[in-house]
Amino acid sequence: MDYNFTKIEKKWQKYWDENQTFKVDTDNTKPKYYVLDMFPYPSGAGLHVGHPLGYIASDIYSRFKRLCGFNVLHPMGYDAFGLPAEQYAIQTGQHPAITTNENIRRYRNQLNKIGFSYDWDREVKTCDPGYYKWTQWTFIRMFKHWYNNKTNKAEPIGDLIKIFEKEGNKNVDAASSDVKTFSAEEWNSMSEKQQQEILLCYRLAYLADTMVNWCPALGTVLANDEVKDGVSLRGGHPVEQKQMRQWLLRVTAYAERLLEGLEKLEWSDSLKEIQRNWIGRSEGASIRFGILPSEGKEKIDEKIEVFTTRPDTIFGATYMVLAPEHPLVDKVTTAEYKDAVSDYVQETGKKTERERLAEAKSISGQFTGAYARHPFSEDPLPIWISDYVLAGYGTGAIMAVPAHDSRDYDFAKHFDLPIKEVISGGDISEGSYDSLEGKVINSDFLNGMPVRKAIETVIKEFEKKGTGEGKVNYRLRDAIFSRQRYWGEPFPVYYKDDMPYVLEENKLPLVLPEVDAYLPTEKGEPPLARAKNWVTEDGHPLELSTMPGFAGSSAYYIRYMDPHNENKLVSEEANRYWKNVDLYIGGTEHATGHLIYSRFWNKFLYDTGVVCMEEPFNKLINQGMIQGRSNFVYRIKNSNKFVSYNLKDKHDVTPIHVDVNIVQNDILDIEAFRKWNPEYEDAEFITEDDGKYHCGYAIEKMSKSMYNVVTPDDIIDQYGADTLRMYEMFLGPLEHAKPWDTNGIDGVHKFFRKVWKLFHDEKGRFSLSSEKPSPEELKILNKTIKKVRDDIERFSFNTSVSAFMICVNQLSSLKCNKSKILEDLLIILSPFAPHIAEELWEMCGKKESIANAAYPEYNPEYIKDDEIKYPITFNGKMKLTLEFPADMEPSEIEESVLNDENVKKHIGEKKVRKVIVVPNKIVNIVI
RNA sequence: GCGGAUGUGGCGUAAUUGGUAGCCGCGCCAGACUUAGGAUCUGGUGCCUCACGGCGUGGGGGUUCGAGUCCCUCCAUCCGCACCA
């Protein structure tokens, strides 16, 4: 009987499904292990061969852990809300739920064919009301909490109100928006609306007017991680800055904990570094500058607050710069400069984010006519506006120190502003001196101090005078949480007297309503404004925005622990058992989005006692991208003639992508090519000496337009799922990006046929022997057990595949068909190739699934070598090998080596200066 | 510009602790079987050289009995951030 992978794989996939082999429950008699894949967004294009790479790795690990006696949670689901389905709905009028469900069905189908050990009972879909109920629930909880910097955790807003009633907010240290100080009396005499307005400044989910990334083409606001190089990540549409009233999550409250938490995580250094950069912690000082009265203007009480990492250079500040969007711009500008300033503000406001980035190098700015007062010298400092100061970072204002900041230097040179050196060590006629090395000069009480000492000293001085204090600033910004779109979670929010209130928890889920079109209304309101009766029972209007993509993915790993619980996000029992994710596998593209948001989300749930672990993902591995390998044919210009790769330079040619499925080992199937496109039906070909047409190749992104897409379905049809799984692992280290080349797959497929053959005689009959294994056979098996186990534990799956090949090659040449050897081999092979392992396991007479077997222990006794083959090197170069007993003394080895005829030949006339014998390793003779 | 990673045969890669560089597979070459081969099996295959031998892990330098591995320096590629005050 042949190795009929199609039949075998269908059979076992059905078996696992019918027998619920991979269904798991909490089981206190076994240790738990939680293996998670980043769940996919089910796109219309389906899976290509690159997508399942991480899923295969995690499946191997899950099955391995299971064989080792762990109770393994290994679920899968879908990130089902999102823009592509909605864009498609706009084009076709079809409800996005229909498209999404079709895509999900297709994904599920594709995934099933690969033979994953998922517990499909726990499947979640973020667009399912039973699921997003808990996304809405968590939002309500965030609305009802504030962040107390004193206790360093989220606390109920009710506790905050009690403090306000008793003593106002002067003793409250909270992560909050800008809010004025008020007393208990003031609080108690406020209207409900005023109180609500103040509470919004404290809530962890809050409504505020902020500058947002507005994408006109998508008709929605985007978060920072959804914008790259001034265009939307999805679709590449231009993004502009716009002031809008939006929901935000106060992620910044957790900035320090998000940063500290990284230390304990087993994530790659590069990923941690990306997160550290994104959080962007910098230490410095917050300094307030008074504003000098200008002629013909009323006195301005407000101060310009700046953040600087170099307060030591305070005496070098020669001017101030506000971002054009800064709220004080209008107030400080004098009559004389009014027009010039408003022109400048308008001009920069018109630019999209992209234009602003493109013009980053060109210097522009405008003087306002006003002056600030230097906190120590009291010198007047001219106040400028310029777009080199960003509204969104720090306070949107800076003190400019041209002598020691290159941007300020360029600006000062351009507008001929004074440059004052205050740190020695540079040459300010050449450029700014930004280094921390040097002593402070020209700086009154700071003179002579090294930089670090000066920073410390000046901060104390500011604090004494009340004009500033030490401060830690973060680049991380609060996450904008509103999207003016249809296909997302509705906010459980209604408005009363223009103030937002959240729904009672028992009203959840607030189900996404039907609309007549998925477009904004004529008034420019979001699509939900089209819904009939989009109001509460009492007639209060409901929020029209929906939540962003990251909402649903921020806690899905928690929901998997207890997916059918209707009363809780997760039961205490399930959460205490499964705790958090032990191994998380997914792409780096989520480094600054999902992986920050879900850490924030999880910390909030931890603070409020919903989950027991502070970090969601202990170990994280980023699988590398699988790239496409494109093939080219070369058409001679203005003809329908194609010239083979090695002859192409003799002609003027245009390279054209050709479908990789009609090319094998870079040889074009000419007939298939003619049929591929009617245009080429009559094409002529200039072939090479071998009569073949050779194609060129390039490594590119796998995409339809490059004709290099390979789907798992095609591979499975031709070679089977076990071959696909094994080959994906064989390609190289999991983390590396590497090209997919179907041509190499034969080697892996041959391997499986060899495995099959080990269990069958020449006539193809199943045949095993119950004889006692030989020492050689035991050595081969035990070496493989050890190697494969070690490799899996360090996620080096590619090397375990070659270990299997070596093992099977060796057993084949020994014609080993002993069940004592082959049964263990099947167990260790089963995580990689579960279908063939199950089939042969059953043929061995086993009644239960191999998934329930126990991983074999290797016996070191079988691996020991009695004789060691010593490489004999001369000055480190290997020339020959000699065998000696493993326990032979180094001095005896040295003597025997030097007496060996071949060694003597190599030494010749030269003198032996030294002999190094490393026991069981090597001999080196220095001559 | 800053930060991170990676550079080994024609290709994907291996060498876990400083100890035989190139395991395993693809491709290629030769042979066997065959009416046939996109089947199977056997052998070979880093480069230069008829050979003896020499050279080889991006380049240069260093430490060491011994370096793909450690140190210095330069180069290339990829990824992230980028007026972040």
Side-chain angles (χ1 to χ4, degrees), chain A residues 228-229 268-278 280-282 284 306-310 313 321 356-357 359-361 363 386-390 392-401 404-408 410-411 434 473-476 588-589 591-592 622 624-625 629 664-667 669 697 699 727 730-733 735-751 753 757 787 790-791 793-794 796 798-807 809 869-881 913-918 920-927:
Chain A
K228 213 195 149 194
D229 299 329
S268 72
D269 288 340
S270 70
L271 193 73
K272 286 187 191 179
E273 204 52 35
I274 290 172
Q275 290 221 338
R276 281 190 200 107
N277 285 340
W278 191 259
R281 183 185 200 273
S282 48
V306 305
F307 174 76
T308 175
T309 53
R310 295 294 302 273
T313 61
V321 187
R356 234 171 123 153
L357 283 170
E359 289 167 24
K361 289 279 170 300
I363 295 163
S386 171
D387 63 3
Y388 89 88
V389 173
L390 304 176
Y393 184 75
T395 60
I398 60 153
M399 65 172 204
V401 184
H404 306 289
D405 181 290
S406 58
R407 293 152 304 170
D408 297 343
D410 295 343
F411 191 84
D434 301 8
N473 197 50
Y474 299 92
R475 198 190 78 113
L476 184 74
T588 356
E589 65 271 22
T592 52
N622 291 119
M625 255 227 304
R629 187 180 186 280
Q664 190 152 37
N665 286 324
D666 295 336
I667 304 295
D669 178 340
Y697 76 91
I699 306 304
Y727 185 55
F730 186 59
L731 284 177
E735 295 94 327
H736 283 195
K738 58 235 160 196
W740 177 272
D741 184 1
T742 306
N743 289 314
I745 205 169
D746 269 346
V748 170
H749 193 63
K750 270 186 215 160
F751 162 80
R753 285 208 298 264
K757 264 195 188 161
K787 169 82 176 147
D790 290 352
D791 283 351
E793 264 156 13
R794 60 195 178 98
S796 174
N798 54 325
T799 51
S800 35
V801 177
S802 50
F804 280 123
M805 289 177 170
I806 293 165
C807 171
N809 286 347
K869 211 182 198 181
Y870 279 90
I872 312 300
T873 65
F874 295 83
N875 293 338
K877 297 259 174 218
M878 210 276 287
K879 295 294 173 189
L880 59 135
T881 57
R913 301 225 303 261
K914 201 176 185 183
V915 178
I916 288 140
V917 178
V918 184
N920 291 315
K921 279 254 165 82
I922 201 165
V923 178
N924 190 21
I925 299 166
V926 186
I927 50 176

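Reminder, nothing fancy here: chain letters follow the sequence lines and each chain counts from 1.
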*Of A:D408 and A:L271, whose closest RNA chain B nucleotide lies nearer the 5' terminus?*
A:L271
_Taking the nucleotide of RNA chain B with the nearest heavy atom to each, does A:P733 or A:K879 sit closer to the 5' end?_
A:P733
Grab the [atom1]-[atom2] distance between [X] and [N] for me, whole Å please.
X: A:D741; N: B:G12; atom1: CG; atom2: P; result: 10 Å
X: A:K272; N: B:A5; atom1: NZ; atom2: C1'; result: 16 Å
X: A:R475; N: B:C81; atom1: CZ; atom2: C1'; result: 7 Å
X: A:I274; N: B:A82; atom1: CD1; atom2: P; result: 12 Å
X: A:K877; N: B:G19; atom1: NZ; atom2: P; result: 16 Å
X: A:R794; N: B:A14; atom1: CZ; atom2: P; result: 10 Å
X: A:F730; N: B:C26; atom1: CZ; atom2: C1'; result: 8 Å
X: A:E735; N: B:G4; atom1: CD; atom2: P; result: 18 Å

Anything under 3.5 Å between a protein N or O and an N or O of nucleotides 62-69 of chain B, put it in a table, one pair a line.
{"from": "B:C65", "atom 1": "O2'", "to": "A:N924", "atom 2": "ND2", "distance (Å)": "3.1"}
{"from": "B:C65", "atom 1": "O2", "to": "A:N924", "atom 2": "ND2", "distance (Å)": "2.7"}

*Could you tell me whether the side chain of A:N924 and the main chain of A:G876 form a donor-acceptor pair under 3.5 Å?*
yes
*Can you check whether A:A591's main-chain N or O pairs, donor with acceptor, with A:Q275's side chain at less than 3.5 Å?*
yes
*For A:A400 against A:V321, the heavy-atom pair lying closest together*: CB-CG2, 4.5 Å
_Taking every non-hydrogen atom, the tightest pair across A:P871 and A:K921_ = CD-O, 3.1 Å
*Classify the ring geometry between A:Y393 and A:F307 as parallel (under 30°), tilted (30 to 60°) or perpendicular (over 60°).*
perpendicular
*Angle class for the A:F804/A:F751 ring planes (parallel below 30°, perpendicular above 60°, tilted otherwise)?*
tilted
Separation of the [atom1] atoms in [N] and [M], to the nearest angstrom:
N: B:U69; M: B:U64; atom1: C1'; answer: 13 Å
N: B:G19; M: B:C24; atom1: C1'; answer: 22 Å
N: B:C83; M: B:U17; atom1: C1'; answer: 47 Å
N: B:C74; M: B:A67; atom1: P; answer: 24 Å
N: B:G22; M: B:A14; atom1: P; answer: 15 Å

*For A:E273, side chain to side chain contact (heavy atoms under 4.5 Å, CB included) partners two or more places apart*: A:R276, A:N277
*Quick one: side chain to side chain contact (heavy atoms under 4.5 Å, CB included) partners of A:R629, sequence neighbours excluded?*
A:N631, A:D666, A:Y697, A:I699, A:D741
*For the pair A:D790 and A:K787, find out whether any cationic side-chain nitrogen is under 4.0 Å from an anionic carboxylate oxygen.*
no
*Between B:G12, B:G4, B:A14, which nucleotide has the shortest distance from any of its atoms to the side chain of A:K738?*
B:G12
_Closest to the A:W278 side chain, choosing from B:C11, B:C81, B:G4_ = B:C81
Need one value for [X]: base, sugar-phosphate or nothing, where a base atom within 4.0 Å counts as base even if backbone is also close, heavy atoms only.
X: A:L390; result: base
X: A:K787; result: base
X: A:Q664; result: base
X: A:I806; result: sugar-phosphate
X: A:D666; result: nothing
X: A:V389; result: base

*Can you tell me how far CZ of A:R310 sits from OG of A:S282, rounded to the nearest 0.5 angstrom?*
13.0 Å
_Ring center gap for A:Y727 and A:W740 short of 6.0 angstrom_ = yes
Considering only nitrogen or oxygen atoms on both sides, find all protein atoms under 3.5 Å from nucleotides 28-30 of chain B and state each distance.
none

Below 3.5 Å between N/O atoms, which protein atoms pair up with nucleotides 40-49 of chain B? Just atom names and distances, please.
{"from": "B:U40", "atom 1": "OP1", "to": "A:R753", "atom 2": "NH2", "distance (Å)": "2.3"}

_Base-paired stems that RNA chain B participates in, counting runs of 3 or more Watson-Crick or G-U pairs under 3.5 Å_ = B:1-7 with B:75-81, B:10-12 with B:24-26, B:27-32 with B:40-45, B:46-48 with B:53-55, B:58-62 with B:70-74
*Show your reasoning for whether side-chain hydrogen bond (donor to acceptor under 3.5 Å, both in side chains) applies to A:Y388 and A:D408.*
CA-CA 9 Å; A:Y388 89 88; A:D408 297 343; 2.6 Å; yes
_Any A:N798 side-chain N or O less than 4.0 Å from OP1/OP2 of B:A14_ = yes
*Is it the case that A:T799 and A:S796 place a side-chain donor and acceptor less than 3.5 Å from each other?*
yes
